[in-house]
Structures are given as structure tokens and as C-alpha cells.
2 protein chains.
Amino acid sequence: MPLTLEALAILDAIDRKGSFARAAEELGRAPSSLTYAVQQIEAELDALLFDRSGHRARFTPAGRVLLDEGRGLLGAAQALADKTRQVAGGWEPQLTLAVEGILPVAPLLPVLDAFYRLGRATEIRLRHDVLAGSWDALASGCADLAIAGGEAPAGAGLRTRVLGSVEFVFCVAPQHPLARLNQPLGQADLAAHRAVVIADTARNLPLRSAGWLKQQARLTVADLPSKLAAQQAGLGVGSLPRWLAEREVAAGRLVRCEWTGGNPRETLHLAWRNGEAGRALEWFRRALAKPGVFAEAIDAG
Amino acid sequence: MPLTLEALAILDAIDRKGSFARAAEELGRAPSSLTYAVQQIEAELDALLFDRSGHRARFTPAGRVLLDEGRGLLGAAQALADKTRQVAGGWEPQLTLAVEGILPVAPLLPVLDAFYRLGRATEIRLRHDVLAGSWDALASGCADLAIAGGEAPAGAGLRTRVLGSVEFVFCVAPQHPLARLNQPLGQADLAAHRAVVIADTARNLPLRSAGWLKQQARLTVADLPSKLAAQQAGLGVGSLPRWLAEREVAAGRLVRCEWTGGNPRETLHLAWRNGEAGRALEWFRRALAKPGVFAEAIDAG
DNA sequence: CAACTCATTCGAATTGTTCGAACATGCCGC
DNA sequence: GCGGCATGTTCGAACAATTCGAATGAGTTG
């Protein structure tokens, strides 16, 4: 019987209660039972765990090691039991959310908080992807639930639900030449200026492009914050989601330009794989579909 | 019976052998015994661990979680048992070695390697201290065995053994004014130049000073590599242990200066606290006292 | 479809664990 | 210094959980 958790629990009780007798009481067994159990471990480990010279038994160094580290094991065992129970109840051990990079993280935090309050063992992972990246992550199993822009790739076994759309506003740095052009921009105005574009993170699906026109010189960056920084620095021009653009324009760090024919929009979908869904996925699907979660960033419809 | 290691071991065997029957064979028990045990866990956890629809039982997701993470627990339990056994056998759970900062680490590595080959669970921690720092670490219990320079502080209950002495060579950067002075240096020559000194790491014992003269301007650094770098950069002058100085002088990065009255020496001691010693301490005491370990750096006697 | 392997069920048997009382020891207050 | 008090241990008896073995039913393979 090479070490049992029960034995570790006994040592724990003895230490907490201070004596075999009290520990036995807590555990609802006779003191002699504990003596027997302890002797059992000592024989198994070839180690004296208690110093019996005095009146009451004291832990030896070896006993102390077993006790201290054993507590870690007990905790881990408890956690594992919990987790198993929850998985059996339909709660995934982990769930990965892929969020389109043009969305802010802030609105997500209360949702996460609410989920954690449920006390479920499901470990949440958050990732940001841009353009086709979210669809790709979902289709390839790297994510379980995605908020993705544009249309779903066909034949990937995905189900979707429209969340609304994000409006893109064309912005340039205050010191940029285009900032002085007091009329709506046309294609011709843009071709002469470098565009800042976000690289698509998709690895499998065909790449998509957004925010730039062919022939236009471009600076490719990895994510929205980088794009913002680049545009603020005057390194290039481009469209930014309205929630972000408004903040920056108000602060005077960017200037908004009108666009001939109105601002472009990107439709956002909540998406998940077809098939058996765990309860955490179900929960997040409901929570994120609620209108208002991304009210700041997404326009209904 | 809130989850037992034995149960996890059974799951492990079932997975490895592929069936209840073969697992039972490996464990030397009847198959029905495993069935019983598994049902026991399932009841306890309120979780189906096996999918019994087919001919042979397959793990459910919950079962898989319990199996995978349970293996970690089993390993940890095994390791804990080992460690306890070793501590009971007199091997400390951990041992901290404090090495005087003027010594190289290289000669220590084969010794550590030899220790690791013993297969003991004792975790070794290595720390570097300078001047009184090693004595201090030892006396305050922050270290168990030290290689320290100078004389042991009185009344701290320490035992020592002389290892030998380190010779200090006065060095300056090639471009330093003192490099051009072609005669042995005296006190007067030094007072005009900034000295690079190593800060004493002692926190409790009275601080000691080394390598500098009063009134001399000085740059204080934390360790030997910093001191070396500072001297190479010409930021100051000072003595370096011979093993280091020779290397640098040979490489042309420093110039050696003679000293009126010969080079100073620092005696090094192997030191440990009086009282009950564990077997790892004993082992290292023997290993480090062997002549030749630090032959490169320490001169016998 | 027959032979095989597999997991489960059931009652009986066994094994290890628990109990309770008696004992030995160390500690404290009077 | 001595009687209580609490401690941990020992021992045989009682117990209960676990294990076994044989029987059963179900699935796979040639």
C-alpha cells in the first residue's frame, strides 16, 4: 500500500488538532485506529514520522516533510475530484474564446467575472485574432467560441449568430497631409498615402484583406493597438473601429476624415462548431449574445 | 472515501493495458475487483468514467480528465514517498551552499554532478556571497555549508576547516594611467585613483572592507563580474583573484601591477554550523575538502 | 455461427481495519 | 512528591469492506 491519501489526511488532522486523540475525535474513529494507520505508513516508508520520546507525539523532520508536501497533494486531489465531477456534469475542462481584434476587451471582463462567480472549474483562455484568424481558430479547434468578422467560411461545420456590425472610421494623425483636406476622401486621395493594415492571423483559411486598397503602399502590423500607434505617429492612414476612433479623436490624437459613400461596416458573428456543446460553451453563447454586452462597440442589426 | 491514489493507479493500469482484464492481471487481482473499485469512484464522484456501451470499456471525457491529471498526482505521491524516505535516512530535504564570490563556479559543477548521481532527493541551492556575507548566511541559517574568506566570527557556533588561500593581483585597464607606471605600487600611487570595491552582502555581522584604502574614492559594485567589468572599462582599479586576473591579463584586457611588499592573500575556510549534520552536508563537506577541487583558484595551505 | 474476449453480477470468503478496554508513560497542579 | 489527567500504544475480538470465483450476457472476429 504505497502511500494513501487517507494517510496524509490523518497526518494533517493530527497536526491541526495537536494530538492523536483529538484527531481521532475529528475523524470519528478510535485513537488506536490512527496509531495503526501511522505505523502502517512508517513501515511502508521505512521512516519514523513521530518522535514518541515525550508525552505527546511530535513530528520528526521526515514527518514534517510528508505532512507539508502531503497537504499539497491533498489539495490537488480535492481539486481533481471537483474537476472530474464538473466535466462529468458537462462542463468542459477548458474553453477558448477567440475575439476579433477590432473589439475592446473591457466589455468582456464583466462576463468573465460572472462566469467565475459560478464557481465552475472550466479554465477560460482568451485569444485575439484578426480577420479570418478567428474563423480559422474556430474551425481548426484552437478556439471553441469566436466573435468573428465577415462571413463564415463554407463547409467548416460552423454555426453562427449575428451580433451586429462595427462601423469603421477613417483616421489620420493631426499632422498628416490628409487632415487638411476638407472634403470627403475618394480612392484617388488614398493611393498616394501609406496605409497601416493589420496582418491576418489565419493559418489555414484563405487570407482576407481589409482596410487597404490595392497598389497602396502599406505598413503591416500585428494588432489593433499597433495600428493605432502607427497611425498616431503619422506612419500611415487607415480605418479604425468607431469606438476606438471616437476616443482618439476626442483626445485630439487623431483626426477623422469623411469617406465618399459613407463609412464601411463589418458584420460580427458569434460562432461555434456544430456538434455536442459543453455547458460552459452554452453559457458563454447566451451571455455574449445578450444585446448590450458590446453596446459600446457594436451597433445592433 | 473521497478519491484514493489506488483508484487512480487502477485507472492508469486500465488505460495502459487497454482493458479491465489485462489491468487486473497486471495488478494481480480479479477483474471483478476492478469493476467494484471503479464503480466505487464513480459513485463518489457522481461521474461516469467509462462508456460501457461497446464491448470494451472506453474512457469518457470525465474519465480521461481524471486519468490524465491523476497520473500527475500519482507521480507526485511517489516522489513525496521517496523524499520522506530520504529525509528519514538523514538526507536533508534541501541544502544551501554559500560560496565566496571571489571563487569561480566551474570547479563546483563536477561536484554537483557527482552528488546528483547519488540519486538523492536533496535539493541543492547555491548562493554567492562576498566577504562577511558567507559567514553571515551560515550563522543566520540562510546557508548550511559555506566557503568563506577571512576568519570566522567568534561565538556563532561555527566549525571550520582551512582550504587554502587566494592570492590577489592588482590590475588596471590597459589604458589606465597606472598601467604606464613601471614600478611596484605604493599606497601613495593608489590614493589618487578610484577603487572598484565589492559591497559586503552581510546583513547581521559587522561589515568588513577589502580591496580598498581609506580616503580613496571608490565605486561599489555587487559582485566579482561587475568589478571585473568596471575595471576593464577603466572606471577604477583594484585587486582581483589570481585565477581571474591571469585569464584577463593573458587576453590583454587588463594589465597587472606589482605591489610593494607582495600580493595580499585571503584565507578560505570551509565552514558549517555545529550540531547535528545531515548526510548531504556531510557528503559535501568531504567532497569540497578534497584537495584539488579548487586547485585552479586556491593555493594549498 | 462458433470461439473468443470482455465487463458485470452475485454470494461466499478473506483480508485488513477498527474498536474497546487495559496498559504504560509523561505532565501538571496541589 | 503524589494523585489525577491526558496522552499514545498494545492486544484480541468484531467488523466491514474488498476480493474472489463462477456464472452471465454482450460484443467482436474469423
Side-chain angles (χ1 to χ4, degrees), chain A residues 1-64 66-67 70 77 81 88, chain B residues 1-64 66-67 70 77 81 88:
Chain A
M1 182 210 359
L3 192 57
T4 68
L5 291 176
E6 193 206 7
L8 295 177
I10 290 177
L11 293 185
D12 174 58
I14 293 174
D15 181 58
R16 279 186 296 103
K17 292 295 180 179
S19 77
F20 277 50
R22 274 187 242 273
E25 191 183 2
E26 170 176 294
L27 297 174
R29 354 190 340 189
S32 59
S33 170
L34 299 201
T35 299
Y36 175 79
V38 169
Q39 287 174 339
Q40 210 66 11
I41 325 170
E42 290 184 317
E44 162 68 28
L45 296 181
D46 250 343
L48 273 177
L49 300 180
F50 290 93
D51 167 16
R52 275 109 164 157
S53 67
H55 177 37
R56 64 195 320 116
R58 278 193 315 275
F59 282 88
T60 60
R64 183 61 56 187
L66 189 57
L67 171 67
Chain B
M1 183 210 0
L3 191 58
T4 68
L5 291 175
E6 193 207 7
L8 295 177
I10 290 177
L11 292 186
D12 174 58
I14 292 175
D15 181 58
R16 279 185 295 102
K17 292 296 180 178
S19 77
F20 278 50
R22 274 186 237 275
E25 191 183 3
E26 171 176 293
L27 297 174
R29 350 184 352 185
S32 59
S33 170
L34 299 201
T35 299
Y36 175 80
V38 169
Q39 287 172 341
Q40 211 67 11
I41 326 171
E42 289 183 318
E44 163 68 26
L45 296 181
D46 250 345
L48 273 176
L49 300 180
F50 289 93
D51 168 15
R52 276 108 164 158
S53 67
H55 175 37
R56 64 199 315 121
R58 278 193 314 276
F59 282 88
T60 60
R64 183 63 55 186
L66 189 57
L67 170 67

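Convention: sequence-line order gives letters A, B, ...; per-chain numbering from 1.
The two atoms that bring B:I41 and B:L3 nearest to each other are CG2-CD1, 4.2 Å, heavy atoms only. When all heavy atoms of B:A47 and A:A88 are compared, the closest pair comes out as CB-CB, 3.2 Å.
One distance of note links CD of A:E26 with CG of A:D12; it measures 8.0 Å at 0.5 Å rounding. For the atom pair CG of B:L27 and CD1 of B:I14, the computed distance is 8.5 Å after rounding to the nearest 0.5 Å. The distance from the CZ atom of B:F50 to the CD atom of B:Q39 is 11.0 Å, given to the nearest 0.5 Å. Rounding to the nearest 0.5 Å places CZ of A:R56 at 6.5 Å from CZ of A:R22.
Close to D:dG8, at under 4.0 Å from its OP1 or OP2, lies no side-chain N or O of A:T35.
Rounded to whole Å, atom P of D:dG8 lies 11 Å from atom CZ of A:F59. At whole-Å resolution of the value, CD in A:E25 and C1' in D:dA6 are 13 Å apart.
You'll find the side chain of B:E42 reaches within 4.5 Å of the side chain of B:L48, heavy atoms only. Counting heavy atoms from C-beta outward, A:F59 and A:D15 have side chains that approach closer than 4.5 Å.
Near DNA chain C, meaning a heavy atom under 4.0 Å from it, residues 45-57 of chain B has B:R52, B:H55, B:A57 in order of number.
Of the possible donor and acceptor atoms, one in the side chain of B:T60 sits under 3.5 Å from a partner among the backbone N and O of B:L49.
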Using a cutoff of under 3.5 Å, can you pull out all pairs of nitrogen or oxygen atoms linking the protein to nucleotides 15-19 of chain D, with atom names and distances?
| unit_1 | atom_1 | unit_2 | atom_2 | d |
| --- | --- | --- | --- | --- |
| D:dT18 | OP2 | B:Y36 | OH | 2.6 |
| D:dT19 | OP1 | B:R29 | NH2 | 2.8 |
| D:dT19 | OP2 | B:R29 | NH2 | 2.7 |
| D:dT19 | OP2 | B:S33 | OG | 3.1 |
| D:dT19 | O5' | B:S33 | OG | 3.3 |

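Contact check on B:K17 versus B:E25 returns no salt bridge, with no Lys/Arg side-chain nitrogen under 4.0 Å from an Asp/Glu carboxylate oxygen.
Protein chain A contacts DNA chain C from C:dG16 to C:dC27, reading 5' to 3' and using non-hydrogen atoms of the protein with a distance under 4.0 Å.
At a threshold of 4.0 angstrom between heavy atoms, the contacts of B:R58 with the nucleic acid are absent.
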